[in-house]
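I have placed the structure first, in the form of structure tokens, so that the comments after it can refer back to it.
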Amino acid sequence: MEIPKTYNPKETENKWYQYWMEHGFFKSVPDDREPYTIVIPPPNVTGVLHMGHMLNNTIQDVLVRRARMQGKNACWAPGTDHASIATEAKVVAMLKERGIAKKDLSREEFLNYAWEWKEKYGGIILEQLKKLGASCDWDRTRFTMDADMSEGVIDTFIHLYKKGWIYRGVRMVNWDPQGKTVVSDEEVIRKEVNQKLYYIRYEVVGLSEEVGARSGEQGDQQSVISNQLSASDEFLHLTPRTSYLTIATTRPETIMADAAICINPNDERYASFIGKKVLIPLINREIPIILDDYVEMDFGTGCLKVTPAHDLNDYNLGIKHHLPVIDILNDDGTLNEKAEILVGKDRFAARKEIAKLLEEAGNLEKIEEYKSQVGFSERTDAVIEPKLSMQWFCKMEEMAGPALDYVLNGEVKLIPDKFINTYKYWMENVKDWCISRQLWWGQQIPAWYLPNGQFVVAKTREEAFEEAKLLSPQLPDLKIEDLHQEEDVVDTWFSSWLWPISVFDPSFFSGKNSIGNADLQYYYPTNDLVTAPEILFFWVARMIMAGHEFKGEAPFKNVYLTGIVRDKLGRKMSKSLGNSPDPLDLIEKYGADGVRVGMLFSSPAGNDLMFDESHCEQGRNFANKIWNAFRLVKGWEVDQHLSNPNENAIAWFETRFNQALTEIEENFKQYRLSEALMATYKLVWDDFCAWYLEMVKPVYQQPIDAATHKATIQFFKNILKIVHPFMPFLTEELWHDNLFGEREELDCCIVAQQPVIGEINLKLLNEISTIKEVIAEIRNTRNMKQISPKEALPLAVKSNSEINYQTYQPILSKLGNLSEVSFTTEKIAGAVNFIAGTDEFFMELANNVDAEAERERIQKELSYLQGFLKSVNAKLSNERFVQNAKAEIVANEQQKKADAEAKIAILEEGLAAL
RNA sequence: GGGAGAUUAGCUCAGCUGGUUCAGAGCAUCUGCCUUACAAGCAGAGGGUCACUGGUUCGAACCCAGUAUCUCCCA
């Protein structure tokens, strides 16, 4: 049978994924083995696979597959979240195409459409993950809006409400005027934008005439005013006239909502204005001048307009100074009647118009270009409006403490740990979580309003009615239909913070069973969570909170934080930039194994990944390398009569394998996946293919001895095992070749047990490393002398060390293509020579040594060694070094000295012999 | 503005307790090879003031201070 020269992933990938599924290898049920559990960070149900998912899920799959091969009961629980805003947007778009407007639908009708959309288009991403090889237990697939999952969410709401940790209140929230919903702080993306800073003059009321108007700052600003008034500073003082205060703002359209002007009490420029009032331009409403050192004297004019309804800081200032709140904006971002002017205009249109009006009224002093941060909605990209609104909140203070402790005391490890600082900062400055969303797609808040405005929180209308009756005996005629359920739903994160519990036991939150079902008891807490640092706070931290609150235990032990996948230019890969390759195209092009390897090659935890397709190419090449090693071994014919000439090679590879395995395990322990992969790569490519196979491979068309054949197959099998987590498809394919023997149906690489680390023979490793040096020198000599690799050459060995070159003679002959290996105690004059370790080697060639060139070469090496020796001697003769340095380091230096001296002696002899 | 992190070969990154595992790896580059497993390959080679300036130390890529540049988070 002809085996193709290159590995063809397409043929194997679907086949083996099917096979694994059909034979239930991904499936996990509790048993008496140690569990290893990962819950997937549930991707958005509307999402499609992007490069970030590829990285994230490759890492999870590597961890899960490895655990499975370590004999653990590995469970990777998959699913999606319902992403209320994103999904609702998709559904609205779908309806629009069909000519249906959301406002014409009832809640129930809308939800029917939403479910229809979800069933049809949702969860594509899970199918895509299968192409990557993700070994999730698909029977456990969950969706955050599954009926039982939703019930759990409602149960936790009620629980926290009863505990007093959920409350309803008016707060400043991030309002998305386009989505017409609140969004959380984390869903606001701040961007620096070019804006305009408007300098607006407010007339001071009742200012006595002899006090001069001092508007704004000293210096250039004043000169602007002076120019405009065609008057000097002095003139201002002498002439009775109106006085102004000037404020600088980026949002002139909000002046109608002003409640005060604030100045710094230490600001001498404005000392004479204390206790006065000013008039808001255009509407002439009187507002006070208040004092607060919150105002920075050197920013803008040093005067701040205070608009509590439309700015968070102003709101806080307003509370402090008991200012009224005047909200002039509608939910859609247009001005309402409280604005008095420009009613009905959009906020941005109003901004332009009011600038004109102010100018006409003489209140606009100047406009400056200004850069500042503006918040945009992550979902709709609308400019976020700080807005006071009645919302539901979840108190964070009590939950944040324990959640912080888990991380600080190491019960939950963040990898890399540099994120502990960020986490700590967040948790110590945590704000209450606004959990209500003005949407339909999500879990409707279980609060029920009575006709008198009071409300009760209960799971069902019936329960709510019972509670309501207790609450309002003064409403004897209260009927169950009079209750009106809260329209809002809870934030999607209010579902996903329960994820590590709810995927296993959604009914756990009912409180009926305090320890949960068998799954929860077995799998919780999970082991590793793999996610992005961006959601460390609003998902990871909250899961820890929920884990602690409901289960009394953190939901995972390790949090592996991946970086952002960027393009070659360092830009984040995104749909809008169009700089992201389609992951499925990549898989098509390089094979899933190749892409997995490509993703992992340079992705240390927490560091961004500069993605380059060439990494995938390297991954594909690696797959091909293994494939071809297989072709070689597969092609060997065994002759039972031959004795084994490869004992050294076999012993060496075995010890080298153990050494590499130690490194790999160490890397895995520290979650250095890219280094574990690199160690595996080098073991396979360099040690196994380039050295071991070359050492043992028989001459073309000659048979191989049975012992070598058997050992090689065993090595190959072990290689398949350690490569499997990274390259599951190729390894499974080869595993089933009859080269490795007959296989039972369930004897698969995916469940093969990882090899156990055996003995490491350092002496052998050192000796072979000298042998490799000798071979490299021989090849180098060939290269320099332009001698064909086909021409066999003689080698004479003058051994000054313990190494028994006799036993390595077969390896030397084969890899160096030597005609003969002889041993000598004398130098061979005129022969090409080199040193490996402290042993000398001579090659008598047809065109032997160019004495002059040789002298130069030796001289060069000699002067290097002499310099080296000098520095070593300098250290050793330094008393303070000998006193202070550790004994082994001094001994080391002495060894270096001895080695250098030995080599120098050899070189000097060689020089003399020329 | 406040905080965190980074800066090592052309690129992407290792470098652990300061000392021959200390200047490394992979890729890329260059040279020579279509040598019967693999040109998606083989054999070699070159390439670095460890951002800069000081300090601590017998000894610094590593510790400390400052400077520069970049990234992220928060306001």
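Naming convention: chains lettered A, B, ... in sequence-line order (proteins, then strands); numbering from 1 in each chain.
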Take atom CG of A:Leu815 and atom P of B:rG44, then tell me their distance rounded to the nearest Å.
-> 10 Å
Considering only B:rG44, B:rC72, B:rC13, which nucleotide approaches the side chain of A:Met610 most closely?
-> B:rC13
Identify whether NZ of Lys or CZ of Arg in A:Arg779 sits under 6.0 Å from the centre of the six-membered ring of A:Trp691 and within 45° of that ring's axis.
-> yes
Counting just side-chain N and O atoms, does A:Asn780 come under 4.0 Å of either OP1 or OP2 of B:rA45?
-> yes
Is the distance from OP1 or OP2 of B:rC42 to the nearest side-chain N or O of A:Trp685 less than 4.0 Å?
-> yes
Write down the partner of B:rC42 under the Watson-Crick or G-U wobble criteria, each distance required to be under 3.5 Å.
-> B:rG32
Output the single nucleotide from B:rG5, B:rC72, B:rG15 whose closest atom is nearest the side chain of A:Arg672.
-> B:rG15
Output yes when at least one side-chain N/O atom of A:Lys418 is less than 4.0 Å from OP1 or OP2 of B:rA4, else no.
-> no
Of all the nucleotides listed (B:rC38, B:rU36, B:rA75), which has the minimum atom distance to the side chain of A:Tyr700?
-> B:rU36
Does OP1 or OP2 of B:rG41 have a side-chain N or O of A:Lys625 closer than 4.0 Å?
-> no
Between B:rU21 and A:Asn892, is there an OP1 or OP2 to side-chain N/O distance shorter than 4.0 Å?
-> yes
Using Watson-Crick or G-U wobble geometry with both distances below 3.5 Å, tell me the partner of B:rC58, or none.
-> B:rG19
Return the nearest nucleotide to the side chain of A:Asn628; candidates are B:rC38, B:rC73, B:rU20.
-> B:rC38
For B:rC27, take OP1 and OP2 only and decide whether either is under 4.0 Å from a side-chain N or O of A:Tyr681.
-> yes
For the pair made of CG in A:Asn667 and P in B:rA25, what is the distance, rounded to whole Å?
-> 16 Å
Which nucleotide in the set B:rC27, B:rA75, B:rC58 lies at the smallest distance from any side-chain heavy atom of A:Phe881?
-> B:rC58
Would you mind telling me which of B:rU20, B:rA37, B:rC27 lies closest to the side-chain atoms of A:Lys896?
-> B:rU20
Compare side-chain N and O positions of A:Asn817 against OP1 and OP2 of B:rU35 and report whether any pair is under 4.0 Å apart.
-> no
Closer than 4.0 Å, any side-chain N/O of A:Arg631 to the OP1 or OP2 of B:rA37?
-> no
Nearest to side-chain heavy atoms of A:Arg620, which nucleotide of B:rA40, B:rU21, B:rC38 | B:rA40
Selection from B:rU35, B:rA37, B:rA75 that lies nearest to any side-chain heavy atom of A:Lys431 = B:rA75
